[in-house]
Amino acid sequence: MNQITVYGDSIAAGYGAPPARGFVPVLTRLCSRQMNLPIDYRNYGQSGMTSYALSSALRFNDAWVTGGLTARTVCILIGGDDLIQNVPILLSGQRAAVERALKASAFAYAASLRRIRALTRRPLAVGTIYNPYPATKAADIAVAVYNERVILPAAEHVGAAVAPIAEAFSGRQAELIDGYGTGVAGAPGRNGVAFPIHPNLQGHAVIAETFLPFVAPAFSRE
């Protein structure tokens, strides 16, 4: 099947975007146009989804398993909610507690990728997570550490390509994040957005464009 399967959190789900404007349908259209093929998608993005929950769903939810089995290629964009859950620990400055949290996150994220790899030998692409609060140094450090210590090693272990979403958003948060305000963690955003962390329509388009080079080649293979 000419199908893209996507697993992830609220960003993958297209939070805040009209149904056809989230990054998953945009990516599918871009890929279909580039490869001159009809391409469909299955989107298992879910608000609040963590890598722990994803690993569980891939073990016990038949629909999520089927999505991996039928895919020509799989994209994963997850980790933001894992990081949010661990913010108090990461900001505590307690080295032992931080190491435990990172190891637990790395284990869960890697377990998710291993479960997906067990379903399919098709190409996988994972996205790094971006920092919505560039004016908060601690947030910048936490996101960089999460990408380096959790996402990159797990991707390498299963042979997944890495779409540099963090790099694509770096320095462009004001134009790519819905309701972006000051870039200070905890500060409200514009237009009534209490927590300006999700991409706007342009942000979703940038995510799709960043994934595209790692996804489109899968449809040229027999």
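One-based numbering along the sequence shown.
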Single-linkage hydrophobic cluster, 4.5 Å side-chain cutoff, [X] and [Y] together:
X	Y	value
Phe214	Val206	no
Val193	Tyr15	no
Leu176	Val184	no
Ile4	Leu37	yes
Ile78	Tyr52	no

Original post:
What do you reckon, is CZ of Arg190 surrounded by more than 12 foreign heavy atoms closer than 6.0 Å?
Top reply: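 Counting other residues, nucleotides and ligands, CZ of Arg190 exceeds 12 neighbours.
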Any idea which heavy atoms bring [X] and [Y] closest together, and the distance?
X	Y	answer
Thr182	Ala187	OG1-CB, 3.6 Å
Gly45	Ala12	CA-CB, 3.9 Å
Thr128	Ala166	OG1-N, 2.9 Å
Gly203	Phe169	O-CZ, 3.7 Å
Ile165	Gly127	CG1-CA, 3.9 Å
Ala205	Val26	CA-CG1, 4.4 Å

Value rounded to 0.5 Å, distance of [atom1] in [X] from [atom2] in [Y]:
X	Y	atom1	atom2	result
His204	Asp178	NE2	CG	8.5 Å
Cys75	Ile116	SG	CD1	10.0 Å
Ser105	Arg100	OG	CZ	13.0 Å
Leu212	Met35	CG	CE	9.5 Å
Arg29	Gln34	CZ	CD	15.0 Å
Leu102	Asp82	CG	CG	11.0 Å

Working for side chain to side chain contact (heavy atoms under 4.5 Å, CB included), residues Ile151 and Ile129 = CA-CA 9 Å; Ile151 294 180; Ile129 61 173; 4.1 Å; yes
Please check this pair: side chain of [X] against backbone of [Y], looking for a donor-acceptor N/O pair closer than 3.5 Å.
X	Y	answer
Thr136	Ala138	no
Ser32	Thr28	no
Ser220	Pro217	yes
Arg21	Gly16	no
Tyr146	Gly80	no
Tyr44	Ala63	yes
Ser10	Ala13	no
Asn43	Val24	no
Arg72	Gln3	no
Thr73	Pro123	yes

Side-chain touch [X]/[Y], heavy atoms, less than 4.5 angstrom:
X	Y	answer
Leu58	Leu119	yes
Leu27	Val215	yes
Tyr7	Ser51	no
Pro199	Ile207	yes
His198	Ile11	yes
Val6	Ile76	no
Ser47	Asp9	no
Leu201	Pro18	yes

Who pairs with [X] by ring-ring contact (aromatic ring centres under 6.0 Å, His included), at least two apart in sequence or on another chain?
X	result
Phe107	none
Tyr133	none
Tyr109	none
Phe23	Phe211

Checklist line | Donor + acceptor pair across side chains of Arg42, Thr5 (<3.5 Å) | finding: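 No, no side-chain donor-acceptor pair sits under 3.5 Å.
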* Asked: Which pairs count as side chain to side chain donor-acceptor pair (under 3.5 Å) when at least one residue sits in residues 148-173, sequence neighbours excluded?
  ->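 Listed by first then second residue: Glu99-Arg149, Arg172-Glu175.
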Report the C-alpha separation of Asn2 and Tyr41 in whole Å, then their side-chain angles, then the decisive distance to 0.1 Å, and conclude whether the side chain to side chain contact (heavy atoms under 4.5 Å, CB included) test is met.
CA-CA 8 Å; Asn2 287 335; Tyr41 67 87; over 6 Å; no
| query | Residues two or more places apart in sequence or in another chain: which of them pass side-chain contact (heavy atoms from CB on, under 4.5 Å) with Ala160? | reply |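 Ala160 satisfies side-chain contact (heavy atoms from CB on, under 4.5 Å) with Leu124, Val126, Ala155, Val158 once adjacent residues are dropped.
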